[in-house]
Amino acid sequence: GWVLALSVIFGMATLYWERKTQFPLINLSLLRIRTFATCLIAGNVSCISISAAPLLLPLMFQTGFGLSPFTSGLLVLVYAMGNLFMKTSTTWVLKKFGFRSVLVVNTPMIALFAVGLGMLSLGTPLVITLVLLLGAGLVRSMQFTSLNTLAFSEVPPADMSAASMMQSTMQQLGFGMGIAFGAVALHLVAFFRGNHGLYAPPDFRIAFVLSAIFGLIAFPAYWRLLPTDGLEVSRGPRRKVSESATSSILEQSNSVGEERA
């Protein structure tokens with residue numbers, strides 16, 4: 001309790017100081033940029049939802065299905081491969097459909113794949129397991145690349161450093177909170193089922209469903225995006241951004257997203 005109280009006190013003191021200083025580390029005025037605020041807040045919700053899977057998957061394979069750590073690692077590797085494969089086509093997808101369409105479609109797909117992973121069992125055919133793992137990795141990568149690119153599409157160059165710091169910090173926080181969300185959800189499900197630390201496949205199923213539902217909270221924010229948001233980045237210039245610059249921004253975002261994901 002006292003840790004939470006101290007956190008609130010120091011947090012409020014930090015915000016007060018940041019509002020008074022000329023060059024704040026946390027520039028709250030950047031939240032007035034609609035696309036940046038959407039990616040920072042709704043994007044963090046997506047990050048928490050997605051980040052539960054790297055914890056739940058190996059636990060489910062080993063404690064739920066009784067697989068060896070080596071076999072579990074090979075299966076999780078397929079999930080990671082989906083992240084890498086998506087990097088080869090994110091630029092084309094964003095140029096073709098735009099940020100709003102991609103996020104509006106990809107967010108429910110993340111939830112569907114999360115539910116699908118939760119429905120896996122020891123008797124599920126290997127092909128179906130691999131397809132679900134690969135697909136979950138693909139949509140994860142698409143979401144992070146889209147958010148990391150759109151976040152900076154309307155940020156003035158002078159504020160780019162502060163915006164990058166805020167985005168990176170929130171995303172790292174989201175990764176940690178996602179792990180915590182998955183652990184807490186799994187523990188509570190097992191507790192109410194009377195297992196008390198002995199996790200069964202149904203516990204993982206419910207935990208995955210909870211992470212899917214939580215991720216859908218961000219959907220209304222993505223729906224409110226305009227079709228023109230990030231258009232100069234996703235589909236090339238109409239005024240200022242050249243085609244080479246467009247590709248450069250997206251490729252740079254791919255590499256940043258890869259490092260963070």
Side-chain angles (χ1 to χ4, degrees), residues 43-87 105-144 147 171-219 257-261:
N44 199 47
V45 172
S46 294
C47 184
I48 294 173
S49 173
I50 296 171
S51 298
L55 170 75
L56 295 176
L57 283 174
L59 278 177
M60 182 176 69
F61 291 144
Q62 294 181 58
T63 64
F65 298 168
L67 301 178
S68 68
F70 179 74
T71 304
S72 173
L74 290 178
L75 291 174
V76 176
L77 182 61
V78 177
Y79 178 75
M81 289 172 59
N83 283 270
L84 295 177
F85 289 160
M86 193 71 239
K87 301 302 180 187
V105 173
N106 199 63
T107 300
M109 289 182 65
I110 292 173
L112 289 175
F113 274 109
V115 173
L117 292 175
M119 296 300 172
L120 292 175
S121 67
L122 196 57
T124 303
L126 180 60
V127 174
I128 296 179
T129 300
L130 296 178
V131 168
L132 287 174
L133 288 169
L134 185 66
L138 292 173
V139 294
R140 167 194 167 98
S141 179
M142 189 74 252
Q143 194 81 350
F144 281 131
L147 291 171
Q171 198 167 74
Q172 293 301 323
L173 181 63
F175 290 150
M177 293 177 66
I179 298 296
F181 179 89
V184 170
L186 184 61
H187 180 77
L188 288 178
V189 171
F191 177 80
F192 286 113
R193 286 174 55 86
N195 291 339
H196 302 293
L198 300 175
Y199 304 128
D203 301 329
F204 292 97
R205 185 170 299 121
I206 298 175
F208 270 112
V209 170
L210 290 176
S211 71
I213 294 173
F214 185 81
L216 290 175
I217 295 175
F219 182 81
E258 178 63 28
E259 292 175 359
R260 293 176 180 172

Legend entry - Donor-acceptor contact below 3.5 Å, side chain N106 vs main chain V139: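 The answer is yes, because a donor-acceptor pair under 3.5 Å joins these two groups.
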Inset, instruction - Determine yes or no for a side-chain-to-main-chain donor-acceptor pair under 3.5 angstrom, with T124 supplying the side chain and S121 the backbone. - result: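 Yes, because the side chain of T124 sits within donor-acceptor range (under 3.5 Å) of the backbone of S121.
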Hey, could you give me the [atom1]/[atom2] distance between [X] and [Y], rounded to the nearest 0.5 Å?
{"X": "L216", "Y": "I110", "atom1": "CG", "atom2": "CD1", "value": "9.5 Å"}
{"X": "F214", "Y": "I48", "atom1": "CZ", "atom2": "CD1", "value": "4.5 Å"}
{"X": "K87", "Y": "M142", "atom1": "NZ", "atom2": "CE", "value": "8.5 Å"}
{"X": "N44", "Y": "Q172", "atom1": "CG", "atom2": "CD", "value": "10.5 Å"}
{"X": "M109", "Y": "Q143", "atom1": "CE", "atom2": "CD", "value": "10.5 Å"}
{"X": "I128", "Y": "L133", "atom1": "CD1", "atom2": "CG", "value": "12.0 Å"}

Ignoring hydrogens, what is the shortest heavy-atom contact between [X] and [Y]? Give both atom names and the distance.
{"X": "S211", "Y": "A114", "result": "OG-CB, 4.2 Å"}
{"X": "F181", "Y": "A52", "result": "CD2-CB, 4.5 Å"}
{"X": "Q171", "Y": "C47", "result": "O-SG, 3.5 Å"}
{"X": "L55", "Y": "A183", "result": "CD2-N, 3.4 Å"}
{"X": "R140", "Y": "P54", "result": "NH1-CG, 4.0 Å"}
{"X": "A136", "Y": "L117", "result": "CB-CD1, 3.8 Å"}

Can you confirm whether [X] sits close enough to [Y] that some side-chain heavy atom of one is under 4.5 Å from a side-chain heavy atom of the other?
{"X": "L67", "Y": "L122", "value": "yes"}
{"X": "T63", "Y": "F204", "value": "yes"}
{"X": "F208", "Y": "L57", "value": "yes"}
{"X": "L130", "Y": "L75", "value": "yes"}
{"X": "Q62", "Y": "P69", "value": "yes"}

Legend entry - Mutual orientation of the aromatic rings belonging to F65 and F61 [parallel < 30°, tilted 30-60°, perpendicular > 60°]: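 Tilted: the ring planes of F65 and F61 meet at 30° to 60°.
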Inset, instruction - Please check if any side-chain donor atom of S49 sits under 3.5 Å from a side-chain acceptor atom of S46, or the reverse. - result: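 The criterion, which ignores hydrogens and geometry beyond distance, is not satisfied for S46 and S49.
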Legend entry - Pair F175 + F144: ring centers closer than 6.0 Å: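 For F175 and F144, the ring centres are under 6.0 Å apart.
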Inset, instruction - With sequence neighbours excluded, tell me which residues meet side-chain contact (heavy atoms from CB on, under 4.5 Å) with V115. - result: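 V115 satisfies side-chain contact (heavy atoms from CB on, under 4.5 Å) with M119, V209, A212 once adjacent residues are dropped.
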